Number of protein chains: 2
Amino acid sequence: MFELDLRSRAPVYEQLVEKIKELIINNVLKPDQQLPAVRVLASELTINPNTIQKAYRALEQRGYIYSVPGRGSFVKPAVPGNNMARLRALETELVKTVSEMRYLGVPPQEIITRIKMQLSEDEGGKLDD
Amino acid sequence: MFELDLRSRAPVYEQLVEKIKELIINNVLKPDQQLPAVRVLASELTINPNTIQKAYRALEQRGYIYSVPGRGSFVKPAVPGNNMARLRALETELVKTVSEMRYLGVPPQEIITRIKMQLSEDEGGKLDD
DNA sequence: TAACTGTATTAATTTAATTAGTACAGTTAG
DNA sequence: CTAACTGTACTAATTAAATTAATACAGTTA
């Protein structure tokens, strides 16, 4: 289900968090869908169950999944306008990324174009001013 | 000159790299401007000179500064279209950030607007289609 | 020459991630 | 009811990385 880079400086549990978050955001894992059990995923990835639990706990704290003792862990349906702290962080991230692209010589026009392409893949929304 | 968070899980030298990179990108530190000497910055921040050197070495490897033994470390003038690997990483980052903003309920229009605002702060370029 | 620069090296310490092993309580299908 | 699953908790040992410490060397500069 996942691929890990054990040589990376990023902790395995953080890599897991990022991979799973990505699957949720891109709707590969659907709302209320059950995630692999801690022990199952651990044996699949040949790592310790404690590491999986640490990742799941982090995902729960960040609002991406919920866990029910005895039943399992599930994808938490997104509540629009809920995670304001995360939105602020993303805004900051966006500013930094765009600044660095400008610094590296990417024309503003191209940056806008790229983002519009990305947004139009999601849904056929109207993006023209 | 800098502020560090010793409680952060991010290594001090990586925090330094990010802060200095930001100052270079935002043109606070000008091209060929000299950076604080390793020992000077170390005593200012009350951390070990080796940690500063590690940060400077990383910045040099990533193409943001250059160091001359005996003379000092300096801001490396940007060469547009040079750092393609970094550009690809930024593109990926941008896609991820935008995806998550969409996931959290931000309308596409607003994302575009925010980025245009950010870009117009840099220079009075023409951004309208 | 004296005082500055970056750089290198080795050892000790500190901290975090990871593994290992075990245990407990809630859930569920047979 | 029971067996097999679930998440969760806890302690101890190990591993890996960051950081500090203490020197040392060579190039630069006033």
Side-chain angles (χ1 to χ4, degrees), chain A residues 1-21 24 29 31-77, chain B residues 1-21 24 29 31-77:
Chain A
M1 188 174 192
F2 308 110
E3 302 158 5
L4 296 180
D5 180 11
L6 297 179
R7 288 166 302 175
S8 167
R9 58 195 153 290
V12 171
Y13 82 94
E14 273 292 353
Q15 292 183 46
L16 265 175
V17 167
E18 289 308 310
K19 299 261 186 191
I20 296 176
K21 231 182 67 178
I24 294 175
L29 295 175
D32 291 313
Q33 180 177 343
Q34 183 164 11
L35 297 172
V38 169
R39 294 169 182 81
V40 173
L41 189 52
S43 79
E44 275 183 14
L45 299 178
T46 337
I47 60 180
N48 197 280
N50 293 337
T51 305
I52 308 290
Q53 194 207 343
K54 191 169 184 179
Y56 279 12
R57 191 190 312 145
L59 281 165
E60 188 165 22
Q61 287 172 343
R62 300 178 197 184
Y64 291 93
I65 72 174
Y66 63 94
S67 296
V68 185
R71 295 208 41 228
S73 299
F74 308 87
V75 176
K76 185 170 179 178
Chain B
M1 189 175 191
F2 308 111
E3 303 159 4
L4 296 179
D5 180 10
L6 296 179
R7 289 165 302 174
S8 168
R9 59 195 152 290
V12 170
Y13 83 93
E14 273 293 354
Q15 292 184 46
L16 264 175
V17 167
E18 289 308 311
K19 299 261 186 191
I20 295 175
K21 231 182 67 178
I24 293 175
L29 295 175
D32 293 311
Q33 179 176 343
Q34 183 163 9
L35 297 172
V38 168
R39 295 169 180 81
V40 173
L41 188 52
S43 80
E44 274 183 15
L45 300 178
T46 338
I47 60 181
N48 197 281
N50 293 337
T51 304
I52 308 289
Q53 195 208 340
K54 192 170 184 179
Y56 278 13
R57 191 189 311 145
L59 281 165
E60 186 164 23
Q61 287 171 343
R62 301 180 197 181
Y64 291 93
I65 72 173
Y66 63 94
S67 294
V68 185
R71 297 208 42 230
S73 298
F74 308 86
V75 175
K76 185 171 178 177

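Note that the coordinates shown come from a computational prediction; the quantities given were computed from them, not determined experimentally. Order of the sequence lines fixes the chain letters, A, B, ..., with proteins taken first and strands second; residue numbering starts at 1 for each chain.
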Exercise. Under the side chain to side chain contact (heavy atoms under 4.5 Å, CB included) rule, what do A:Val12 and A:Asp5 come out as? Steps first, then yes or no, please.
Key: CA-CA 8 Å; A:Val12 171; A:Asp5 180 11; over 6 Å; no
Exercise. Looking at every strand, decide which applies to B:Gln34 at a 4.0 Å heavy-atom threshold: base, sugar-phosphate, or nothing.
Key: nothing
Self-check item: Sugar-phosphate, base or nothing in reach of B:Glu14, heavy atoms under 4.0 Å
Solution: nothing
Quiz item: Just to confirm, is there a sub-4.0 Å distance from OP1 or OP2 of C:dT5 to any side-chain nitrogen or oxygen of B:Ser73?
Solution: no
Practice problem: Give a yes or no on whether the backbone of B:Glu3 and the side-chain of B:Lys19 come within a donor-acceptor separation of less than 3.5 Å. | Solution: yes
Practice problem: On DNA chain C, check which nucleotide each of A:Pro49 and A:Gly70 is closest to and give me the residue with the more 5' one. | Solution: A:Pro49
Self-check item: Distance, rounded to the nearest Å, where B:Phe74 contributes CZ and C:dG6 contributes C1'
Solution: 10 Å
Quiz item: Separation of B:Ile52 atom CD1 from D:dT19 atom P, in whole Å?
Solution: 10 Å
Exercise. Take nucleotides 9-17 of chain C nucleotide by nucleotide from the 5' end and write B, S or -, depending on whether a protein heavy atom sits under 4.0 Å from the base, only from the sugar-phosphate, or from neither.
Key: B-------S
Practice problem: Can you tell me the distance, in whole Å, between the CG atom of A:Asp5 and the P atom of D:dA16? | Solution: 15 Å
Quiz item: If you take all heavy atoms of B:Gln15 and B:Ser8, which pair is closest and at what distance?
Solution: NE2-CB, 3.6 Å
Quiz item: Would B:Tyr66 and B:Asp32 count as having a side-chain donor-acceptor pair, cut-off 3.5 Å?
Solution: yes
Quiz item: For the pair made of OH in B:Tyr66 and C1' in C:dG6, what is the distance, rounded to whole Å?
Solution: 14 Å
Quiz item: salt bridge (charged side-chain N to carboxylate O under 4.0 Å, His left out) between A:Arg62 and A:Glu14: does it pass, once the steps are laid out?
Solution: CA-CA 12 Å; A:Arg62 300 178 197 184; A:Glu14 273 292 353; 2.9 Å; yes
Self-check item: Shortest non-hydrogen contact from A:Ala42 toward A:Asn48
Solution: CB-C, 4.0 Å
Exercise. Please report the shortest heavy-atom distance between B:Ile65 and B:Tyr56, naming the atom on each side.
Key: CD1-O, 3.5 Å
Quiz item: Quick one: does A:Gln34's side chain have a donor or acceptor within less than 3.5 Å of a partner on A:Arg71's backbone?
Solution: yes
Practice problem: Could you state the atom-to-atom distance from CG of B:Leu16 to C1' of D:dA18 in whole Å? | Solution: 13 Å
Practice problem: Round to the nearest Å and state the distance from A:Asn48 atom CG to D:dT11 atom P. | Solution: 17 Å
Quiz item: Could you give the OH-to-P distance, from B:Tyr56 to C:dT5, as a whole number of Å?
Solution: 10 Å
Practice problem: Can you tell me the distance, in whole Å, between the CD atom of A:Gln61 and the P atom of D:dG7? | Solution: 16 Å
Self-check item: Among C:dT27, C:dT19, D:dT6, the nucleotide that comes nearest once only the side chain of A:Ala37 is considered
Solution: D:dT6
Quiz item: What does the inter-axis angle of the helix from C:dT1-D:dA30 to C:dG30-D:dC1 come out as, five pairs per end, nearest 10 degrees?
Solution: 30°
Quiz item: Starting at the 5' end of DNA chain D and moving along, which residue's nearest nucleotide shows up first, A:Leu35 or B:Ala10?
Solution: A:Leu35
Practice problem: Mark yes or no for a side-chain to base donor-acceptor pair under 3.5 Å between B:Arg39 and C:dT7, with no hydrogen or angle criteria applied. | Solution: yes
Quiz item: Does a side-chain heavy-atom distance below 4.5 Å link A:Leu4 with A:Ile47?
Solution: yes
Exercise. Choose from D:dG7, D:dT20, D:dT29 the nucleotide whose nearest atom is closest to any side-chain atom of B:Arg71.
Key: D:dT29
Quiz item: Mapping B:Val68 and A:Ile47 onto DNA chain C by nearest heavy atom, which one lands closer to the 5' end?
Solution: B:Val68
Quiz item: Taking the side chain of B:Val40 as its heavy atoms from C-beta onward, which of C:dG6, C:dT5, D:dT8 lies nearest to it?
Solution: C:dT5
Exercise. Would you mind reporting whether B:Asn50 and B:Val38 have side-chain heavy atoms less than 4.5 Å apart?
Key: no
